[in-house]
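Below, each value reflects all heavy atoms present in this structure, side chains not excepted, and no hydrogens, waters or symmetry copies.
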Amino acid sequence: MSQKPVFPPKIEIALGQSGENLEKQYGSLVKANRKNVGLNFLTIDANRHGTSVTAVVKTGSLITSIPSAMSIMATEDRDRKVGFTDLLISAEVNRDDFVPHTIAHQYVLSLIQSLRKTGWRYYISETKPRLKGKAALEYLKQDNIDPDYPLSFEQWMAFQAPLTWELYADHTYLTLRVDRDVNHLDPAKPGAYFISLTFTPREETERLEVDEKDRDHWRDTWVNRYLAFRAERNIEEAKLRAQGVPIDTDYKDPPLPPPPPGQHNPIIPDALK
């Protein structure tokens, strides 16, 4: 009979870290799948063994702690040898299968406040209008909630899952998604919640936005692509302004990440400043 593995209270992992390094750190707790073309998947599944850990995620200079992490999955691009290019953390409110909706609501709001204190800020897709607070909620619904908006319990229950928060910091995107069992939506009875956090470097996201032949030099296509994105945003913002909806003109799109050796970031035209 195999011995149940002992999990440490926290698991540390970083974007850019190699799978080999993670295996050296945590040994048999790491399950590696290297059978896929070009990609390795490494998983630490605490939930399978009836426990959870605190996931400590390093992205650039930021260190983000996620309590009650059930599993950690990292994707590594084997051919490019740049380490982990995607981290997926699955978390839970507590060890119970069902949890009161009020408790889940407060847990997620507290998690968002913790992310904001760590340094993560609201990210709005370059094609979407710059809205915040209630205006963002009314336009984007549950698809990208302003992390500084105090979502009420009534709103929490009214929106269809998944509820999504998009954040950005240190040239990295963070997506927080909260899903729930549609068969347990009575506010007076417990529900089942599924929480995930995905960390992806901006460099990787931009690469995957272009044709494969352009991926190593996506900066060459960036200006034209983002001028088209800005045109979409300008049209939507003009419509909303005509309706009296306030535009958050203080919002600034994230800066480009530092280029690799031998490349340069494009000169930003005035239309994109």
Given the rule in the side chain to side chain contact (heavy atoms under 4.5 Å, CB included) test, do Ile195 and Val93 qualify, once you have shown the distances and angles that lead to the verdict?
CA-CA 8 Å; Ile195 301 169; Val93 178; 4.0 Å; yes
Start with the C-alpha distance between Leu197 and Thr175, add both sets of side-chain angles, then the distance that settles side chain to side chain contact (heavy atoms under 4.5 Å, CB included), and finish with yes or no. CA-CA 6 Å; Leu197 299 97; Thr175 300; over 6 Å; no
Go through the steps to decide whether Glu203 and Arg219 satisfy the test salt bridge (charged side-chain N to carboxylate O under 4.0 Å, His left out), and finish with yes or no.
CA-CA 10 Å; Glu203 186 77 28; Arg219 286 168 173 81; 2.9 Å; yes
Inset, instruction - Walk me through it: do Glu138 and Leu131 pass the test side chain to side chain contact (heavy atoms under 4.5 Å, CB included)? - result: CA-CA 10 Å; Glu138 290 175 346; Leu131 303 173; over 6 Å; no
Discussion item. Would Val245 and Tyr139 count as a side chain to side chain contact (heavy atoms under 4.5 Å, CB included) here? Give the steps.
Written reply: CA-CA 10 Å; Val245 177; Tyr139 181 86; over 6 Å; no
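Without hydrogens or angle criteria, Lys213 side chain to Val210 main chain gives no donor-acceptor distance under 3.5 Å. The backbone N or O of Ser110 sits nowhere less than 3.5 Å from a side-chain atom of Ser114 that would complete a donor-acceptor pair. In this structure a side-chain-to-backbone donor-acceptor pair under 3.5 Å is present from Lys4 to His49. Judged by distance alone, with hydrogens and angles left aside, the side-chain atoms of Glu12 form no donor-acceptor pair with the main-chain N or O of Val57 at under 3.5 Å. Side-chain atoms of Gln263 come within 3.5 Å of backbone N or O of Asp216 as a donor-acceptor pair. Asp146 contributes a side-chain N or O that, together with a main-chain N or O of Gly133, makes up a donor-acceptor pair within less than 3.5 Å. Of the possible donor and acceptor atoms, none in the side chain of Asp86 sits under 3.5 Å from a partner among the backbone N and O of Thr198. With hydrogens and angles disregarded, no donor-acceptor distance shorter than 3.5 Å links the side chain of Asp250 to the backbone of Lys252. In this structure, Asp45 contributes its side chain and Arg48 its backbone to a donor-acceptor pair below 3.5 Å.
Hydrophobic clustering of Ile, Leu, Val, Met, Phe, Trp and Tyr side chains at less than 4.5 Å, counting indirect connections, unites Leu62 with Leu111. In the hydrophobic cluster analysis, where Ile, Leu, Val, Met, Phe, Trp and Tyr join through side-chain heavy atoms closer than 4.5 angstrom, Ile63 is grouped apart from Leu174. Cluster membership for Ile72 and Phe41, using ILVMFWY side-chain heavy atoms within less than 4.5 angstrom, is not shared. When hydrophobic clusters are built by joining Ile, Leu, Val, Met, Phe, Trp and Tyr residues whose side-chain heavy atoms come closer than 4.5 Å, directly or via intermediates, Leu176 is not grouped with Val56. No path of Ile, Leu, Val, Met, Phe, Trp and Tyr side chains, each step under 4.5 Å between heavy atoms, connects Leu88 with Phe84, placing them in separate hydrophobic clusters.
Within the 4.5 Å cutoff, no side-chain heavy atoms of Trp156 are placed close to those of Gln142. Using a 4.5 Å heavy-atom cutoff, the side chains of Val99 and Pro190 are not in contact. Looking at heavy atoms from C-beta onward, Asn47 lies out of side-chain contact with Ser71 at the 4.5 angstrom threshold. Taking the side chain as every heavy atom from C-beta outward, Glu236 and Glu232 never approach each other to under 4.5 Å. Residues His171 and Pro258 have side chains in contact (heavy-atom distance under 4.5 Å, counting atoms from C-beta outward). By the 4.5 Å heavy-atom criterion applied to side chains, Pro129 and Asp248 are not counted as neighbours. Side-chain contact between Tyr26 and Pro8: present, with at least one pair of heavy atoms (C-beta onward) separated by less than 4.5 Å. Contact check for Trp165 versus Leu167: side-chain heavy atoms found under the 4.5 Å cut-off.
In terms of heavy-atom proximity, Tyr123 sits nearest to Asn144 at O-ND2, 3.0 Å. For the residue pair Leu39 and Arg78, the shortest heavy atom distance occurs at O-NH1, 3.1 Å. Contact detail for Ile89 and Ala55: the closest heavy-atom pair is CG2-CB, 4.0 Å. Between Pro255 and Tyr168, the closest heavy-atom pair is O-OH, 3.6 Å. Taking every heavy atom of both residues into account, Arg230 and Leu272 meet most closely at NH2-O, 3.4 Å. Contact between Ala69 and Ala46 at its shortest, heavy atoms only, is O-CB, 4.3 Å.
Geometrically, Arg121 engages Tyr251 in a cation-pi contact defined by less than 6.0 Å to the ring centre and at most 45° from the axis. In this structure, Arg225 forms no cation-pi arrangement with Trp218, as its terminal cationic atom is not both closer than 6.0 Å to the ring centre and no more than 45° off the ring axis.
Side-chain contact, Asp170 with Ser61: a donor N or O sits under 3.5 Å from an acceptor N or O. In this structure, a donor-acceptor pair under 3.5 Å is present between the side chains of Gln155 and Ser152.
Residue Asp220 holds its CG atom at 11.0 Å from NE2 of His264, rounded to the nearest 0.5 Å. Taken to the nearest 0.5 Å, the CG atom of Leu87 stands 12.5 Å off from the NZ atom of Lys58. Between the NE2 atom in His184 and the CG atom in Asp97 there is a gap of 10.0 Å [rounded to 0.5 Å]. Between Tyr173 atom OH and Phe199 atom CZ the span is 15.0 Å, to the nearest 0.5 Å. We find the OG1-CD1 distance between Thr118 and Ile66 to be 9.5 Å, quoted to the nearest 0.5 Å. Rounding to the nearest 0.5 angstrom, the gap separating the CG atom in Leu151 from the NE2 atom in His105 is 5.0 Å.
Each of Arg233, Lys128, Arg202 was scored for a salt bridge (Lys or Arg N to Asp or Glu O under 4.0 Å) with Asp253, with one residue passing: Arg233. Across Leu163, Val178, Thr164, Ile112, a single residue satisfies side chain to side chain contact (heavy atoms under 4.5 Å, CB included) together with Ile145, and that is Leu163. The one candidate from Tyr193, Phe153, Tyr107 that meets the ring pair (Phe, Tyr, Trp, His ring centres under 6.0 Å) condition with His101 is Tyr193.
In this structure Asn21 satisfies the side-chain contact (heavy atoms from CB on, under 4.5 Å) test together with Gln17, Ser18, Gln25, sequence neighbours excluded. Glu204 is linked by a side-chain contact (heavy atoms from CB on, under 4.5 Å) to Arg80, Thr85, Thr200, Pro201, Arg207, Leu208, counting only residues two or more places apart in sequence or in another chain.
Open room surrounds CZ on Arg177; 12 or fewer heavy atoms of other groups in view lie less than 6.0 Å from it.
Between Tyr226 and Trp222, the two ring planes are parallel [angle under 30°; tilted spans 30° to 60°].
Salt-bridge annotation for Glu23 and Arg34: present, with a side-chain N of the basic residue lying under 4.0 Å from a carboxylate O of the acidic one. A salt bridge does not link Asp148 to Lys132: none of the charged nitrogens lies less than 4.0 Å from a carboxylate oxygen.
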